[in-house]
Amino acid sequence: MAGPSLEALLRDPARTALLVIDMQNDFLLPDAPVATPGGLDLVPRIAALASAARGAGFPVVYTQEMHRADHSDFGIELAFEPPHCLEGTPGMDLVAGLEPGPEDVRIRGKRRYDAFLGTELDVVLRARRIENLLVTGVCTDICVIATVYHARNLDYRVFVLRDAVAGTTPERHDAAIACMEHVFAYVGTTAELAPAFGLHLEPAASSA
């Protein structure tokens with residue numbers, strides 16, 4: 001069973017938001033506790049997408065995973081990963097090159113992989129009558145896929161830019177992409193999806 005076609009899923013391009021998931025120092029810098037291979041390479045492309053989205057009048061929404069300094073809100077996550085993105089540390093900050101504009105939305109206090117769980121993300125999107133999500137960020141196989149699954153179950157029309165997300169390994173990235181594009185999202189390249197949403201990018205940013 002193949003996933004939907006782009007034409008079948010995309011109904012009203014004007015009702016779109018760009019979602020930038022967890023592009024933070026602790027997930028991206030080389031010496032970070034949970035660095036994502038290839039994550040830093042995404043910064044120019046996502047920055048270009050954010051600029052194009054603003055130009056098209058689309059909200060740009062940044063999520064930030066954040067945890068209390070005493071680790072009290074990690075739960076069982078610490079059985080799988082070391083502490084990261086602690087409040088009050090540079091590790092929780094958005095990476096250089098992806099500074100939000102004054103009109104952008106920041107979803108802070110994300111305690112779990114799923115960006116909808118325990119945050120105001122759904123309220124923010126519905127207040128703006130958003131139905132389409134262009135999804136970028138890290139990690140494909142952790143926070144991205146968890147967020148995409150929830151978005152799909154909330155009836156958002158989800159479009160994942162395969163060249164604007166990165167996983168913990170190439171194999172896990174590919175596996176997550178395969179799962180999402182089955183019945184949860186349309187997965188395409190920036191070069192394919194940007195024109196469908198009327199986003200005007202420089203050739204270098206949109207090349208696959």
Side-chain angles (χ1 to χ4, degrees), residues 6 10 12-29 36 38-66 85 90-110 115-116 119-140 143-145 147-148 151 156-167 173 180 185-208:
L6 177 58
L10 181 57
D12 184 357
R15 296 176 64 183
T16 298
L18 177 69
L19 185 59
V20 182
I21 297 177
D22 296 1
M23 290 293 287
Q24 298 165 256
N25 290 332
D26 268 359
F27 295 125
L28 297 172
L29 297 184
T36 307
L40 274 178
D41 297 336
L42 304 179
V43 171
R45 176 166 287 145
I46 295 176
L49 283 163
S51 178
R54 295 183 195 107
F58 297 166
V60 179
V61 182
Y62 294 84
T63 72
Q64 286 177 261
E65 184 171 338
M66 296 165 58
C85 298
M92 59 158 272
D93 293 337
L94 294 169
V95 72
L98 287 179
E99 293 77 14
E103 69 273 45
D104 295 342
V105 178
R106 298 175 72 170
I107 302 296
R108 298 182 175 93
K110 172 180 170 288
F116 287 95
T119 75
E120 61 179 358
L121 179 56
D122 187 45
V123 172
V124 163
L125 296 174
R126 294 192 189 280
R128 291 162 173 78
R129 301 184 66 247
I130 297 301
E131 71 171 30
N132 310 306
L133 295 179
L134 286 169
V135 177
T136 67
V138 296
C139 293
T140 318
C143 293
V144 170
I145 194 171
T147 300
V148 166
Y156 288 103
R157 296 165 186 264
V158 183
F159 302 83
V160 177
L161 289 88
R162 71 166 69 240
D163 53 357
V165 293
H173 168 84
M180 288 188 288
Y186 183 88
V187 178
T189 64
T190 301
E192 176 192 7
L193 288 174
F197 288 87
L199 299 180
H200 302 289
L201 301 174
E202 294 297 323
S206 62
S207 61

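Since the model is a prediction, treat every value here as computed from it, not as a measurement.
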Practice item. Hey, can you tell me if Phe58 and Phe197 have their rings parallel, tilted or perpendicular (30° and 60° cut-offs)? Key: perpendicular

Review point. What pairs with Asp122 under side chain to side chain contact (heavy atoms under 4.5 Å, CB included), at least two apart in sequence or on another chain?
Key: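 Scan of Asp122 (side chain to side chain contact (heavy atoms under 4.5 Å, CB included), adjacent residues dropped) gives Phe116, Arg126, Leu154, Tyr156.
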
Practice item. Apply side chain to side chain contact (heavy atoms under 4.5 Å, CB included) to Ser51 and list each qualifying residue two or more places apart in sequence or on a separate chain. Key: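 Side chain to side chain contact (heavy atoms under 4.5 Å, CB included) list for Ser51, sorted by chain: Arg54.
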
Practice item. For the pair Met92 and Asp26, evaluate side-chain contact (heavy atoms from CB on, under 4.5 Å) and give the outcome as yes or no after the intermediate values. Key: CA-CA 6 Å; Met92 59 158 272; Asp26 268 359; over 6 Å; no

[X] to [Y] - nearest heavy-atom pair and separation:
| X | Y | answer |
| --- | --- | --- |
| Cys85 | Gly91 | SG-O, 4.0 Å |
| Glu131 | Asp12 | OE2-N, 3.6 Å |
| Gly167 | Thr140 | N-OG1, 3.2 Å |
| Ala47 | Gly97 | CB-O, 3.6 Å |
| Gly109 | Met66 | N-SD, 3.2 Å |
| Ala52 | His200 | CB-O, 3.7 Å |

**Study point:** Lys110: which of Asp22, Thr63, Thr119 passes side-chain hydrogen bond (donor to acceptor under 3.5 Å, both in side chains)
**Key:**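 Exactly one pass, corresponding to Asp22.
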
Review point. Can you find a pair of side-chain heavy atoms, one from Leu19 and one from Leu121, that are under 4.5 Å apart?
Key: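 Touching, per the 4.5 Å side-chain cut-off.
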
Review point. Would a 4.5 Å heavy-atom cut-off, applied to side chains only, mark Leu6 and Leu193 as touching?
Key: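 Of all side-chain heavy-atom pairs linking Leu193 with Leu6, at least one is under 4.5 Å.
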
Practice item. Look only at the side chain of Arg106 and the backbone of Pro100, and say whether a donor-acceptor pair between them is shorter than 3.5 Å. Key: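 No; judged by distance alone, with no hydrogens or angles, the pair does not exist.
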
Review point. Counting N and O atoms only, with roles assigned by atom type, does the side chain of Arg15 sit under 3.5 Å from a partner on the main chain of Arg129, one being a donor and the other an acceptor?
Key: yes

Quick check for you: to the nearest 0.5 Å, what is the distance between [X] atom [atom1] and [Y] atom [atom2]?
| X | Y | atom1 | atom2 | result |
| --- | --- | --- | --- | --- |
| Ile46 | Thr190 | CD1 | OG1 | 8.5 Å |
| Leu134 | Asn132 | CG | CG | 7.5 Å |
| Thr136 | Leu161 | OG1 | CG | 7.0 Å |
| Arg157 | Ile130 | CZ | CD1 | 13.5 Å |
| Arg108 | Gln64 | CZ | CD | 5.5 Å |
| Leu28 | Thr36 | CG | OG1 | 5.5 Å |

Point to revise | Val61, Ile21, Val20, Leu125 screened by side chain to side chain contact (heavy atoms under 4.5 Å, CB included) with Ile107, the one that passes | key: Val61

Check your understanding: Given Met180, which of Val148, Val135, Val165, Val158 fulfils the side chain to side chain contact (heavy atoms under 4.5 Å, CB included) condition?
Key -> Val148

**Study point:** Derivation of the side-chain contact (heavy atoms from CB on, under 4.5 Å) call for Thr147 and Leu133
**Key:** CA-CA 11 Å; Thr147 300; Leu133 295 179; over 6 Å; no

Check your understanding: Should we count CD of Glu99 as having more than 12 external heavy atoms under 6.0 Å?
Key -> yes

